[in-house]
Amino acid sequence: MAQQDGPERVRQGQGHLTSTSEQGRFCVASCTCGWRGPARRARSQARTDAEGHATAL
């Protein structure tokens, strides 16, 4: 069963919401805009990927 962190507002006033989901032994960050990060073994790294997506906007 996939476990997800709740959506997080990336930037105030923006329509981007990120979340992470577990797929087997991996965790993936994704955004409501369609962006999807690489599969990571560490949840913290998937969250860092989501933060990096937010700063790239």
Side-chain angles (χ1 to χ4, degrees):
M1 179 176 204
Q3 184 180 14
Q4 291 188 330
D5 287 344
E8 299 174 26
R9 173 93 29 213
V10 174
R11 282 181 143 183
Q12 291 292 350
Q14 297 291 326
H16 293 264
L17 296 174
T18 60
S19 62
T20 58
S21 61
E22 292 184 11
Q23 298 174 350
R25 294 183 177 185
F26 295 92
C27 189
V28 177
S30 59
C31 182
T32 56
C33 74
W35 172 85
R36 186 175 169 98
R40 304 288 192 174
R41 287 193 182 264
R43 287 185 199 117
S44 61
Q45 186 60 50
R47 290 185 194 112
T48 300
D49 292 340
E51 290 172 12
H53 170 68
T55 59
L57 297 176

**OP:** Just jot down the side-chain contact (heavy atoms from CB on, under 4.5 Å) partners of Arg25, sequence neighbours excluded, or say none.
**Re:** Arg41
Original post:
Do any pairs count as a side-chain hydrogen bond (donor to acceptor under 3.5 Å, both in side chains) and have a residue in residues 26-40, sequence neighbours left out, and if so which ones?
Top reply: Gln23-Arg36, Arg40-Asp49
Subject >> Results of side-chain contact (heavy atoms from CB on, under 4.5 Å) for Ala56 - residues two or more places apart only >> reply: none
**OP:** Quick one: pull up NE2 in His16 and SG in Cys31 and give me the separation to the nearest 0.5 Å.
**Re:** 5.5 Å
Original post:
Hey, are the side chains of Arg43 and Thr20 touching, using non-hydrogen atoms and a 4.5 Å cut-off?
Top reply: no
Original post:
Do you know the tightest heavy-atom contact between Ala46 and Ala29?
Top reply: O-CB, 3.2 Å
